[in-house]
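Being a predicted model, the structure only gives us computed values, none of them experimental. Order of the sequence lines fixes the chain letters, A, B, ..., with proteins taken first and strands second; residue numbering starts at 1 for each chain.
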2 protein chains.
Amino acid sequence: MDKTAENGPWADESGDTSGRKKGQLHAEAAGKLRSMILSGELPPGERLREMQLCEQLGVSRTPVREALRTLAAEGLVDLLPNRSVVVSELHAPDLEHLFVVFGAIEGIAAELACQKITEAEIGEIGRLLAEMIDFHARKERAPYMQINQKIHQRTVEIAANPVLYTVWQSLVPRVERARALANLDTGRWTGALFEHTKMFTALASRDGKLLAQLTREHFLNSLPFLQSRLENDG
Amino acid sequence: MDKTAENGPWADESGDTSGRKKGQLHAEAAGKLRSMILSGELPPGERLREMQLCEQLGVSRTPVREALRTLAAEGLVDLLPNRSVVVSELHAPDLEHLFVVFGAIEGIAAELACQKITEAEIGEIGRLLAEMIDFHARKERAPYMQINQKIHQRTVEIAANPVLYTVWQSLVPRVERARALANLDTGRWTGALFEHTKMFTALASRDGKLLAQLTREHFLNSLPFLQSRLENDG
DNA sequence: AACACCAGTCTTGTATACAAGAATAGACAA
DNA sequence: TTGTCTATTCTTGTATACAAGACTGGTGTT
C-alpha cells in the first residue's frame, strides 16, 4: 500500500508541462486545475463546465473528467450527480473543522518526527527557520510562506509514515487555499514566527508531546485571523 | 466545502444496484470493486485489467476508469502510469502506519464527540454496546463486528466535523480490509470488548482526554494480532 | 545454454460519438 | 404581472474507436 505520492497532489507538477513524458494528461489537467483553484482564478462556487475546461486545458473530456474525480477526492470541488461540478465553498465554520483536523494531523506528525529525527535533519530545519526569520525581518511574505510550507512538509516527511503523509497531502490543498484566500494578517505574522521558534526548540530537544501541543495551538491560533478575513471578503 | 458523504465510500452502496437511479455507473462500479477488494475476491497484488473489469461489471471502460481513480484516492489500488492498476499490498509495516494514524483520527473524533454528545446519544451507544456484549457471549463474530463498526461510526458522526468524517471514511476501507484479511484472534476479542466498555464509561462521563487515550490504545493493542495473522498468511 | 533483439499482441491513454437528464427561455393562462 | 408548462438547448454520463506505449514469445547469435 501507499506508493507514497505516486499520483498525489504536490507530487511534482508546477505548471512544467513541457518536460513531462507523454500520457498522463489527466494528472497534468488535475495539476493545472488545482493551481487555478488555489490561486483563486476559479473562485469558490464557480460552476465548471467540462467542455469549457477542455478548451482552456487543450485536452478532451476524458482526462478532464478523471482530473475532476481526483480534485473531488481532495475536497476542492463538489460533484453534483447529473449536474455541474462546482468549486467547493470555503466558509468560516468549515475552516474551523479543517484546522482542527489538520492541526491534529500535524500534531501526530510532530510527535512521530521527534522520535525519528536525526541530528542532520534538526540542522536542516534549523537552517530553514533561520531563513524564515530573515524573510520575516525583510517583510518578504511570499518567500516566507514558501519556507514555512517547506518546514511543515519536512516535518511530516521525517515522521516517515506514508499513510500519515497521504492524509496530510489530501488536506494541504484546502489549507493552502485558505491561506491564499485570506492573506496572513501582519499582527499574526510575528506571532506565528514566534511559535515556530518555540516549536523548533521542542523538536530539537525531541519533546514530542510538547511539540504536538504547540503544533495544534499553532493552527488554532491562526484560525480566527483567517476566519475574519474570509467573512470580510464574503 | 464537504457536502459530506456525497459520493464518498460507504455512502449507501451495498450491492443494491437495483434501486439506484440511472446514471452514476462509475459510483456503482466503485462500490462493487471496493467490496470485491474488501472481501478478498480481488487479492492484494492482483493486476486489474480494465477490459476484464468491464466484462465483470457489465459497463464500459469510462466508468471503470473513473471508479479506479476513486479507489486509488482511497488507497485500495495503486495506479502505475501506462501500466496496469494493481490492488495495493497490505504488509505488516504498512498496517502499523495505518493503525497509528487511524487510532489518532478516532482519538480526535472521540475527544470532539465527548464535547458534543447528548444524553440520548449516550443511551444509543450504550444499547449498541449491550448488543455487542451479547453477540460476544454467543460467539457470533459477524454481527459483533457489525455492531463494533457501527459504534465507531456513530462516534465519528457525533463528533460533527465533516472534514474529520471524510478523512475517517477514506481510511476505513483499509482498516476493514485488514480486519477481513486477518480475522480477529479470540484472545484479543475479549480484550477488545473490555476496552470498549472502558471507552463507553469515559464517553458517558464525557472525559474527552481519557477517551482519546483509550481509543488510541485500543487500535495499538489490536495491531500486533493483525500483524501476526498477516505474516502467517503471507 | 544464455542473452539480446524484434515482431506481434495486449493494455492503457485519449478523443469522439451518442443518449439521457437538467437548465432555460418563451408562450400561454390566470 | 406572475406563474406554469413545454420545447429547445445545454451538459453530463456512457460507449466506442483509435493511437501509443508495454509485454510476450520466438528467433538468432555468441
Task: Test item: B:Ser84 side-chain N/O and B:Leu48 main-chain N/O as donor-acceptor pair under 3.5 Å - done: no
Task: ring pair (Phe, Tyr, Trp, His ring centres under 6.0 Å) partners for A:His218, two or more places apart - done: A:His152, A:His196
Task: Neighbours of DNA chain C within residues 56-68 of chain A, by heavy-atom distance under 4.0 Å - done: A:Val59, A:Ser60, A:Arg61, A:Thr62, A:Pro63
Open item on the list: Going by salt bridge (Lys or Arg N to Asp or Glu O under 4.0 Å), name the residues that satisfy it together with B:Arg83, two or more places apart in sequence or in a different chain.
Closed with: none
Task: Rounded interatomic separation in angstrom, taking CG from B:Asp78 and P from C:dT12 - done: 15 Å
TODO: Write down the distance between CG (A:Leu80) and C1' (C:dA23), rounded to a whole number of angstrom.
DONE: 14 Å
TODO: Go through A:Glu66 and A:Arg69 one step at a time and tell me if the salt bridge (charged side-chain N to carboxylate O under 4.0 Å, His left out) criterion holds.
DONE: CA-CA 5 Å; A:Glu66 292 178 4; A:Arg69 296 284 178 280; over 6 Å; no
TODO: Round to the nearest Å and state the distance from A:Gln52 atom CD to D:dT11 atom C1'.
DONE: 12 Å
Please list, for nucleotides 6-11 of chain C, all pairs of protein and nucleotide N/O atoms separated by less than 3.5 Å.
none

Open item on the list: If the condition is side-chain hydrogen bond (donor to acceptor under 3.5 Å, both in side chains), which residues does A:Glu121 pass it with, not counting sequence neighbours?
Closed with: A:Thr118
Open item on the list: Restricting to side chain to side chain contact (heavy atoms under 4.5 Å, CB included), what partner residues turn up for B:Ala29, sequence neighbours left out?
Closed with: B:Leu57, B:Ala67
Open item on the list: Strictly distance-based, threshold 3.5 Å: is any side-chain N or O of A:Ser88 a donor or acceptor partner for the main-chain N or O of A:Gly75?
Closed with: yes
Open item on the list: Let's go through A:Glu157 and A:Arg154 carefully: what are the C-alpha distance in whole Å and the side-chain angles of both, what is the deciding distance for salt bridge (charged side-chain N to carboxylate O under 4.0 Å, His left out) to 0.1 Å, and is it a yes or a no?
Closed with: CA-CA 5 Å; A:Glu157 285 171 1; A:Arg154 283 298 289 143; 2.7 Å; yes
Open item on the list: Just the rounded figure in Å: distance from P of D:dT12 to CG of B:Leu25.
Closed with: 17 Å
